[in-house]
Amino acid sequence: MKILYGKEFAAKIKANAKKRAGILKDKYNVTPGLAVVIVGNDPASEVYVRNKHRACAELGINSIAVELPETTTREELLAKIDALNDNPDVHGILVQLPLPNKLKGIEAEVTERIDPKKDVDGFHPINTGRLVNGEDGMVPCTPLGCMKMLEMAGIDPDGKRAVVIGRSNIVGKPMASLLMRHNATVTVCHSHTKNISEITKEADILVAAIGKPKAITADMVKPGAVVIDVGINRIAPKKLVGDVDFEEVSKIASAITPVPGGVGLLTIATLMHNTIKAAELACTSK
């Protein structure tokens, strides 16, 4: 059984991104720019933004923090996004979620306002459509990180049975599309799926993304399966666990990601990858 630690895979993605950032600087005199918009004072968001800023500094990416007060109106937020869309020094834009309560209903509008070419989160409907159609575009960071991990670990989805548990727009749906693009036969399970364990036990590759601690138990997993745990659940002040019962499932899986220390470390690395990609496209399309 192999434990797929995210640190080693993230380091490879970041090394590649740093190299490509250097090429952009040498060839086009362009420094990739990532703007992160944060509205209000959500502590978890602030930590995540700091981590993004640190990664940008490490790789030669210009990190632009756009901090707006909790009193920001819809019109002010959309105007700020428009200004970033028009700024040639900004190649990637993401708006940190969740938004404050007064703006909760406009998340879709905010996502659609971002220029699809700068949508490094990969959530814009145009990029979603491109992913489903098998076309090139920006891909959501966590599913992309999962696919890069499988590739670097030498695990080829081609011809495999894959089961994705969860159907969110952020992980489940794009993960299923990416696995299909790599010729896996994919089943998506969710809260209305009946006899779910009968389906999961057929999976050569099992991806859990439901946000329920230790919901995937050993009796739901095929011996020798590759298990990718996307869940991060806080069950105590300093205790994080995944959606998979790691201790028991690791006894029968051929490969498994830990939580913490697994997929989560790849999300920011692939965000850097997407930012470099956006800058490359901006340079080559001029």
| note | What one should report as the nearest heavy-atom pair of Val249 and Ile216 is CG2-O, 3.7 Å
| request: Say whether, by atom type as modelled, one donor and one acceptor occur between the side chain of Lys117 and the main chain of Ala282 under 3.5 angstrom. | output: no
| task | Starting from Ile64, walk the hydrophobic network (Ile, Leu, Val, Met, Phe, Trp, Tyr; side-chain heavy atoms closer than 4.5 Å) and list everyone else you reach, by chain and number. | result | Val37, Val39, Val66, Leu68, Leu77, Leu78, Ile81, Leu84, Val90, Ile93, Val95, Leu97, Leu99, Leu103, Ile106, Val110, Ile114
| task | Look only at the side chain of Thr270 and the backbone of His273, and say whether a donor-acceptor pair between them is shorter than 3.5 Å. | result | no
| note | Residues Ala269 and Ile13: closest non-hydrogen pair is O-CG2, 3.5 Å
| query | Do His53 and Ser63 pass the side chain to side chain donor-acceptor pair (under 3.5 Å) test, and can you show the C-alpha distance, the side-chain angles, and the key distance before you say yes or no? | reply | CA-CA 6 Å; His53 179 76; Ser63 177; 3.0 Å; yes
| note | For Ala162, the side-chain contact (heavy atoms from CB on, under 4.5 Å) test, sequence neighbours excluded, returns Leu179, Ala184, Val186, Ile205
| task | Decide, yes or no, whether a salt bridge links Glu109 with Arg74 under the criterion of side-chain N to carboxylate O below 4.0 Å. | result | yes
| query | Would a hydrophobic clustering, with Ile, Leu, Val, Met, Phe, Trp and Tyr connected at side-chain separations under 4.5 Å, put Met149 with Tyr5? | reply | no
| field | For Arg181, side chain to side chain donor-acceptor pair (under 3.5 Å) partners two or more places apart | value | none
| Option passing side-chain contact (heavy atoms from CB on, under 4.5 Å) with Val207 (candidates Val230, Val227, Val163, Leu150) | Val230
| message | With a 4.5 Å cut-off on side-chain heavy atoms, are Val171 and Pro140 touching? | response | no
| field | Donor-acceptor contact below 3.5 Å, side chain Asp121 vs main chain Phe123 | value | no
| query | Any side-chain heavy-atom pair from Glu58 and Lys18 closer than 4.5 angstrom? | reply | no
| said: I'd like to check Thr185 versus Met180 (side-chain heavy atoms, cut-off strictly below 4.5 Å). Are they in contact? | reply: no
| Donor-acceptor under 3.5 Å (Asp243 side chain, Gly211 main chain) | yes
| Do the side chain of His124 and the main chain of Asp119 share a donor and acceptor less than 3.5 angstrom apart? | no
| Pairwise side-chain contact, Leu24 with Thr31, heavy-atom cut-off 4.5 Å (strictly under) | no
| Note: Glu280-Arg20 ion pair, threshold 4.0 Å (strictly below) | yes
| task | Show your reasoning for whether side-chain contact (heavy atoms from CB on, under 4.5 Å) applies to Lys12 and Asn16. | result | CA-CA 6 Å; Lys12 291 178 182 178; Asn16 177 260; over 6 Å; no
| Got Phe9 and Leu4 here, is their nearest side-chain heavy-atom distance under 4.5 Å? | yes
| said: Donor-acceptor check, side chain of Thr257 to backbone of Val263, threshold 3.5 angstrom: yes or no? | reply: no
| request: Inspect the contact between Asp136 and Arg130 and indicate whether a charged nitrogen and a carboxylate oxygen are less than 4.0 angstrom apart. | output: no
| message | Donor-acceptor pair, distance only, cut-off 3.5 Å: does the side chain of Lys160 make one with the backbone of Asp156? | response | yes
| Do Lys52 and Leu94 touch side chain to side chain, with heavy atoms closer than 4.5 Å? | yes
| Check ion pair Lys251-Glu248 (N to O, under 4.0 angstrom) | yes
| request: Check step by step if salt bridge (charged side-chain N to carboxylate O under 4.0 Å, His left out) holds for Arg113 and Asp82. | output: CA-CA 7 Å; Arg113 195 67 163 243; Asp82 290 341; 2.9 Å; yes
| request: For side chain to side chain donor-acceptor pair (under 3.5 Å), just list the numbers for Asn62 and Asp89, CA-CA rounded to whole Å, side-chain angles, deciding distance to a tenth of an Å, and then say yes or no. | output: CA-CA 9 Å; Asn62 184 26; Asp89 294 328; over 6 Å; no
